[in-house]
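Residues: numbered from 1 along the sequence shown.
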Amino acid sequence: MSDGKTPAFFNRELSWLEFNQRVLEEAKSPENPLLERLKFLAITSSNLDEFFMVRVGGLHMARKAGRRKQDFAGLSPYAQLREINRRTRAMMEELNGCYADELRPALDLAGVRHAAINALSSEQEAAAFDLFRDELFPVITPLAIEPGKPAPVFRNLELHLAIRLRKAGEVAGEDLLAVMAIGRSGPRLVPLPCETGYAYVRREEVVKRYVANWFPGYDILETAAFRVTRNADMAVQEEEAPDLISGMEDVLEERKSGDCVRLEVEEGASTRLVGRLAEQIPGAKEHIYRIKGVLNLKDFMALAFLDGFDELKVEPWPPQPAPDIVPNEPMFDQVARKDLLLYHPYQSFDPVLRFIEEAAADPGTMAIKMVLYRTSSESPIIAALKRAAQNRVNVTVLMELKARFDEARNMEWALDLEQDGVQVIYGVKGYKTHAKVCLVVRREPVGIVRYCHFGTGNYNESTAKLYGDISYLTCNAELGADASAFFNALCGYAQPRRFNRIAMAPVNLRDRLMALVDFEIDRARKGKPASIMVKVNALADAPMIEKLYEASAAGVKIRLNVRGTCCLRPGVEGMSENIEVASIVDRYLEHARILYFHHGGKPQVFIASADWMPRNFDKRLELLVPVDDPACKKRLIEILETHVSDTESSWILQPDGRYNRAGRMGEGGVRSQEAMYEQACEAIAAARNSRRTRFEPHRPAK
């Protein structure tokens with residue numbers, strides 16, 4: 001579909017780095033409050049850590065295995081790594097420069113002060129010494145690095161201190177090397193007493209100040225903080241593992257000693273020290289990053305939520321109650337009356353919790369079935385499911401043990417649930433189960449009724465305050481029957497049959513979407529109105545991209561809202577001139593997947609758990625759920641139109657791969673997240689006024 005000169009696709013990894021650059025731009029923007037900028041800085045740093053562990057780690061494995069196959073953008077693993085190396089080094093330099101040159105001086109002036117470790121007041125010095133004496137010296141054990149002895153395994157992403165030392169009094173004696181793991185000795189940022197504002201030092205600075213106490217009889221020549229990032233792109237070998245639990249335990253162990261993909265060292269460290277250190281870490285010599293400034297800026301997220309500095313933060317947007325939900329009326333009565341649609345975090349996640357908690361306590365509940373991918377550390381949903389099982393409800397939970405970086409927590413939850421009588425399914429062999437669905441089966445006077453919650457986000461009440469996601473509650477009989485069939489396919493030997501309404505990956509999700517696009521293509525070729533709006537987190541599936549190119553060439557108007565990776569190249573004449581791509585970066589993480597097809601004036605609207613990536617279509621169990629209720633459908637279309645019309649917090653993808661700010665700020669502009677929150681506030685205010693008008697007694701005029 002390309003003209004032969006312009007590649008049809010962008011590289012996935014480089015596109016993701018462009019997304020992280022957009023996050024970094026929020027940290028650099030003087031229009032954001034200082035602590036909000038610091039939050040975005042920490043997110044950028046955290047994102048990079050995961051990128052190195054997973055994406056860079058996977059490419060190193062491919063290169064090590066001798067793979068030379070080019071991706072659909074024409075880049076081999078080696079070429080991708082070379083470009084990633086250039087791009088990430090520049091990004092890390094910009095990241096640290098933003099903190100050192102902009103945020104730290106501005107925060108100091110605003111009263112959130114990083115105290116100079118060598119210029120502490122007497123009271124602060126006493127506090128730092130108490131910390132050293134009581135918490136650091138008794139806990140941290142230095143490890144001598146000696147030639148001929150096995151090298152230690154430095155824990156992934158943990159902050160360490162390297163110390164070069166020499167026996168006291170020796171002028172030209174042998175340099176010795178020791179390391180100290182300080183990442184597990186307590187919070188990184190240590191508060192200090194101060195008369196006004198807030199003062200802190202970094203824990204490693206206190207260790208450096210008193211480091212000689214660990215090495216009596218030696219002279220300290222230099223110290224330098226360092227950190228190792230290891231490959232975490234490991235998957236359980238399900239054919240070989242005796243069971244999934246033990247297989248996942250092996251993966252977690254393997255990650256601890258995965259190949260080094262990045263060695264970060266403070267810039268001031270001598271070549272001698274860095275060289276000695278790199279010798280102890282296999283593969284590190286090729287991946288040394290000298291950091292000008294502070295390592296591991298994600299730890300500064302702790303400062304972003306300091307009490308007492310509201311003027312440095314964004315105005316709070318507390319989640320609003322849903323206007324259609326009556327607080328004291330059972331959720332099942334309300335869902336039986338009409339379908340309910342919630343948009344988090346603008347609207348509270350509490351109704352979803354109520355739905356599950358009421359199901360656990362209701363004597364009419366016969367069964368609860370749900371998929372759990374990521375949950376919170378103190379999950380009320382887990383507690384409700386345990387209570388339900390104790391109440392003799394038939395509870396089945398598919399706990400996805402392969403949810404990356406949540407494997408250990410999910411294994412603990414799974415074993416805990418089993419102890420209370422919950423039937424736990426440990427994932428599906430060969431696939432990740434990423435669908436967001438809860439099915440409650442109740443016995444009612446009319447017979448057996450199925451109630452469903454379908455979502456685009458996880459059953460996690462904490463992230464529901466930070467991620468933009470859709471919840472859809474319904475007792476539609478066809479959707480309920482499809483949910484039952486879905487769980488039967490997951491948990492038993494039943495083959496996924498033809499569903500009534502939903503589509504499921506990897507069975508027919510891509511085909512269903514292709515058919516919907518084909519319908520728009522046919523309409524456009526006949527000169528009739530045809531349009532598509534899609535909101536996803538990532539677009540990297542070649543067949544779907546090519547189908548969108550075909551639609552564009554036919555004249556279909558396509559507006560895409562893609563938060564992160566987008567491998568589609570928009571705006572190319574003859575290929576994609578009818579496609580617009582925007583990415584929104586604002587205070588909440590855009591996470592909802594919403595799809596709209598004009599469909600001859602009878603709109604087809606869906607929510608989905610899946611992004612448009614090969615893994616979602618081919619390697620995961622995902623759901624595409626139609627929303628037919630007129631009010632819910634109308635609301636989803638309004639949400640889509642607001643987001644694709646964003647002019648203040650969106651970035652527009654250019655044909656050359658660059659992202660430009662939408663550009664229309666201030667009066668007449670649209671900041672979609674702010675608009676969503678204002679709509680949520682207005683809706684609940686109108687609903688409350690309506691209820692007061694409806695129930696207040698009529699008072700005749702005097």
> Does the D362 side chain pair with the main chain of G364, one donor and one acceptor, at a distance under 3.5 Å?
Replying inline: yes

>> Whether the side chain of N616 engages the backbone of W612 through a donor-acceptor N/O pair (distance < 3.5 Å, no angle test) should be reported.
In response: no

>> Testing the basics here: between A592 and Y343, what is the closest heavy-atom pair and its distance to 0.1 Å?
In response: CB-CE1, 4.4 Å

>> Both conditions, 6.0 Å and 45 degrees, for the charged tip of K436 above the ring of Y459: are they met here?
In response: no

> Taking atom types as modelled and ignoring hydrogens, do the side chains of N500 and D482 form a donor-acceptor contact shorter than 3.5 angstrom?
Replying inline: yes

> When you measure from the side chain of N391 to the backbone N and O of V393, does any donor-acceptor pair fall under 3.5 Å?
Replying inline: no

>> Just verifying a value: how many Å separate L372 CG and N458 CG, rounded to the nearest 0.5 Å?
In response: 9.0 Å

>> I'd like to know whether the aromatic ring centres of Y346 and Y588 sit less than 6.0 Å apart in this structure.
In response: yes

>> Run E400 and K432 through salt bridge (Lys or Arg N to Asp or Glu O under 4.0 Å) and show every step you take.
In response: CA-CA 7 Å; E400 183 47 76; K432 280 186 181 180; over 6 Å; no

> Taking C-beta and beyond as the side chain, do L636 and F606 meet within less than 4.5 Å on heavy atoms?
Replying inline: no

> Looking only at heavy atoms, what is the nearest atom pair of L623 and A435, with distance?
Replying inline: CG-CB, 3.8 Å

> Does any N or O in the side chain of S379 come within less than 3.5 Å of the main-chain N or O of T375, such that one atom is a donor and the other an acceptor?
Replying inline: no

> Considering all heavy atoms of both residues, which atom of V449 and which atom of C475 are nearest to each other, and what is their separation?
Replying inline: CG1-CB, 4.3 Å

>> Could you measure the distance from the CG atom of L385 to the NZ atom of K369? Nearest 0.5 Å is fine.
In response: 14.0 Å

> Distance-only, no hydrogens or angles: does the R671 side chain make a donor-acceptor pair with backbone N or O of S650 under 3.5 Å?
Replying inline: no

> R392 versus T365: any side-chain heavy-atom pair under 4.5 Å?
Replying inline: no

> Does a side chain donor of either H591 or T456 reach within less than 3.5 Å of an acceptor in the other side chain?
Replying inline: no

> Between H344 and Y467, is the gap from one ring center to the other below 6.0 Å?
Replying inline: no

>> Apply side chain to side chain donor-acceptor pair (under 3.5 Å) to residues S583 and R22 and explain how you reach the verdict.
In response: CA-CA 9 Å; S583 169; R22 298 194 291 279; 3.1 Å; yes

> Do you know the tightest heavy-atom contact between C566 and V581?
Replying inline: SG-CG1, 3.9 Å

> Of all heavy-atom pairs between P319 and Q347, which one has the smallest distance, and what is that distance?
Replying inline: CB-C, 4.2 Å

> Are any of the side-chain nitrogens in K633 or E638 under 4.0 Å away from the carboxylate oxygens of its partner?
Replying inline: no

> Do S609 and R593 have a side chain donor and acceptor closer than 3.5 Å?
Replying inline: no

> What are the two closest heavy atoms between A610 and L509, and how far apart are they?
Replying inline: CB-CD2, 3.9 Å

> Atom CZ in F349, atom CD1 in I381: separation rounded to 0.5 Å?
Replying inline: 5.0 Å

>> Between F332 and F355 (judged by ring centroids, cut-off 6.0 Å), do the two rings come close enough to count as a pair?
In response: yes

> Given the rule in the ring-ring contact (aromatic ring centres under 6.0 Å, His included) test, do Y472 and H453 qualify, once you have shown the distances and angles that lead to the verdict?
Replying inline: CA-CA 6 Å; Y472 180 44; H453 171 271; 9.0 Å; no

>> To the nearest 0.5 Å, what is the distance between CG on D541 and CD on E546?
In response: 9.0 Å

> Counting heavy atoms not belonging to K313, are there more than 12 under 6.0 Å from its NZ?
Replying inline: yes

> Counting N and O atoms only, with roles assigned by atom type, does the side chain of E520 sit under 3.5 Å from a partner on the main chain of S531, one being a donor and the other an acceptor?
Replying inline: yes

> Taking atom CG of D420 and atom CZ of R387, what is their separation to the nearest 0.5 Å?
Replying inline: 11.0 Å

> For S649 and D646, does a side-chain donor sit closer than 3.5 Å to a side-chain acceptor?
Replying inline: yes

>> Closer than 3.5 angstrom, by distance alone: can the side chain of N20 be matched with the main-chain N or O of T44 as a donor-acceptor pair?
In response: yes

> Side-chain donor-acceptor pair under 3.5 Å between H643 and S672, yes or no?
Replying inline: yes

>> Here's one to test your reading of the geometry: is the NZ or CZ of R587 within 45 degrees of the ring axis of W317 and under 6.0 Å from its centre?
In response: yes

>> For R563, run the side-chain contact (heavy atoms from CB on, under 4.5 Å) check against V536, I584, L589 and tell me which one passes.
In response: L589

> Measuring from L624:CG to R512:CZ, what's the distance to the nearest 0.5 Å?
Replying inline: 6.0 Å

> How about E590 and N537: does a side-chain donor come under 3.5 Å of a side-chain acceptor?
Replying inline: no

> Hey, are D628 and R501 close enough for a salt bridge, meaning a charged N less than 4.0 Å from a carboxylate O?
Replying inline: yes

> Any donor-acceptor pair under 3.5 Å linking the side chain of D339 with the backbone of V335?
Replying inline: no

> Is there a donor-acceptor contact under 3.5 Å linking the side chains of Y677 and Q320?
Replying inline: yes

>> Pair S484, R450 - check side chain to side chain donor-acceptor pair (under 3.5 Å), show working.
In response: CA-CA 9 Å; S484 287; R450 299 181 178 99; 2.7 Å; yes

